[in-house]
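Written below as structure tokens is the structure these notes are about.
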Amino acid sequence: MDRLWTNARIATMAGPGMGIVEHGAVAAKDGRIAWIGSAREAPSAVETIDCEGRWITPGLIDCHTHLVHGGDRAHEFELRLQGASYAEIARAGGGIVSTMRATRAAGEAELTASALPRLDALIAEGATTVEVKSGYGLSLDGELKMLRAARALGRERKVRIATTFLGAHALPPEYADDRAGYVDLVCETMIPAVAEAGLADAVDAFCENIGFTANETRRVFEAARAHGLRVKLHAEQLSNQHGAALAASHGALSADHLEYLDDAGIAAMAEAGTVATLLPGAFYFVRETRLPPVQALRDAGVPIALATDCNPGTSPLTSPLLVMNMAATLFRLTVEECLAGMTCEAARALGLHREIGTIEPGKSCDLAIWDVERPAELVYRMGLNPLHARIWKGQ
């Protein structure tokens, strides 16, 4: 073995419950977990690290971010404090289109550099995998530039970056009077180019009353699947457009937000195995009052993931630990659900659950080692980061 972490308490997240191993040890070889079990039975290794009774969890996974973008939207935050709604700001030329202008004006290297502090904040709280969406370029060149900048983050830091193409995020001004033309551009030009360049792991869309209709979203999904790309969806955040059921019908990895999700959408997600990704930072930041149907999701057996939704307009949040606290306090998730939501279920929302998300032999050795007495502290505390060490691919 290359490395052994011993004298630890381990939440494997492989079940039952949190899959706790007391007095445990984890061994890695060639960047993968090679063994886990009782410290008394641990194999020898080139290097042994005494964890001194600390807790080990899988590395945290942020499965929904808009980490790469130009500018910020602090002014819109002020407008919302004065009573303007998210929809009103968007219709007045703010919102996504405002960030589009700043993103188009920025160079690729500039976009990567500006995203690094946000990525570093996630890494500092134990994140080992981060999903990054495009969606602020809203042109072929702009979207490809964003995806290249996102991929560059994975070369700048020791972190796994999953990229998602989100061309169907908003109508750019040049297509304000030609919705069909822009959807054509996304489906017939952008998706083929993204797929050929190998720049995206999945395709997303914003199916909403201020975004794209269900029929437009269906076209995007059909184009994505035709080019071998998995799909996911911003669904039922501000209204019920039946996007979650549509996403499930296309085998979507996840449907995200879901405050206005109905029973039919839940049933479709359960049947398809589509993950419900909840974004409490956005719920909090836009002062939403309608809670996602957590108990109905539980009852139907729909997996629940959590993510920061880090973006400049509705969730400028870079703390996975605060996400878990918000999910517990606002949505009443349990400690186990919160930890699963940012490990094994987040991995499932990215289609990476066979590679990461639990501490099991054969998976990537992505770990977070915590100075806590019990896992509940990771959800309970606000503003305190108890991360002792972060391990990515055994390093």
Side-chain angles (χ1 to χ4, degrees), residues 63-64 66 87 90 96 131 133-140 143 147 162-172 175-196 199-277 279 292-293 297 300 302 305 348-351:
C63 64
H64 181 135
H66 304 256
I96 294 165
E131 185 258 19
K133 302 180 191 295
S134 65
Y136 295 126
L138 306 183
S139 68
L140 176 59
E143 291 293 297
L147 291 167
T163 52
T164 300
F165 169 66
L166 181 57
H169 198 193
L171 282 179
Y175 281 91
D177 299 318
D178 187 10
R179 295 183 61 89
Y182 184 67
V183 175
D184 287 345
L185 180 68
V186 169
C187 296
E188 298 171 10
T189 301
M190 291 189 188
I191 288 176
V194 167
E196 183 179 2
L199 286 173
D201 304 301
V203 171
D204 198 346
F206 184 37
C207 184
E208 190 50 78
N209 54 15
I210 60 169
F212 291 86
T213 68
N215 284 334
E216 291 165 342
T217 300
R218 183 179 293 106
R219 282 199 61 202
V220 172
F221 283 174
E222 288 170 352
R225 301 300 279 151
H227 286 85
L229 293 168
R230 302 292 300 271
V231 299
K232 48 191 28 246
L233 188 65
H234 287 63
E236 275 74 87
Q237 179 186 10
L238 306 172
S239 62
N240 184 10
Q241 302 294 313
H242 308 290
L246 172 64
S249 73
H250 285 79
L253 293 167
S254 71
D256 304 16
H257 287 291
L258 303 178
E259 282 85 343
Y260 287 80
L261 179 64
D262 61 14
D263 289 343
I266 292 171
M269 290 175 69
E271 183 177 356
T274 298
V275 175
T277 300
L279 306 169
L297 290 167
V302 176
R348 192 176 302 279
L350 296 177

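Quick note: numbers below take in every heavy atom, side chains included, and nothing from hydrogens, waters or symmetry partners.
A heavy-atom distance below 4.5 Å is found between the side chains of Gln241 and Glu208. The closest side-chain heavy-atom distance from Asp256 to Gln237 is not below 4.5 Å. Phe165 has its side chain within reach of Glu143: a pair of non-hydrogen atoms, C-beta onward, lies under 4.5 Å apart. Within the 4.5 Å cutoff, side-chain heavy atoms of His64 are placed close to those of Lys133. Side chains of Leu253 and Arg348 form no contact here, defined as non-hydrogen atoms less than 4.5 Å apart. The side-chain heavy atoms of Arg219 and Val186, taken from C-beta on, include no pair separated by under 4.5 Å. Residues Val220 and Val203 are in side-chain contact: their nearest non-hydrogen atoms beyond the backbone lie under 4.5 Å apart.
For the pair Glu236 (side chain) and Ala244 (backbone), a donor-acceptor distance under 3.5 Å is present. When atom types are taken as modelled, the side chain of Ser134 and the backbone of Leu166 share a donor-acceptor pair closer than 3.5 angstrom.
Taking Arg230 as the reference, nothing meets the salt bridge (charged side-chain N to carboxylate O under 4.0 Å, His left out) condition, with sequence neighbours excluded.
To the nearest 0.5 Å, the span separating CG on Leu297 from CG on Leu261 amounts to 6.0 Å. Between the CD1 atom of Ile266 and the CG atom of Leu258 there is a distance of 8.5 Å, given to the nearest 0.5 Å. Rounding to the nearest 0.5 Å places SG of Cys187 at 10.0 Å from NE2 of His227.
For the residue pair Thr213 / Asn215, no side-chain donor-acceptor distance below 3.5 Å is found, with atom types taken as modelled. If you check the side chains of His234 and His169, you find no donor sitting under 3.5 Å from an acceptor.
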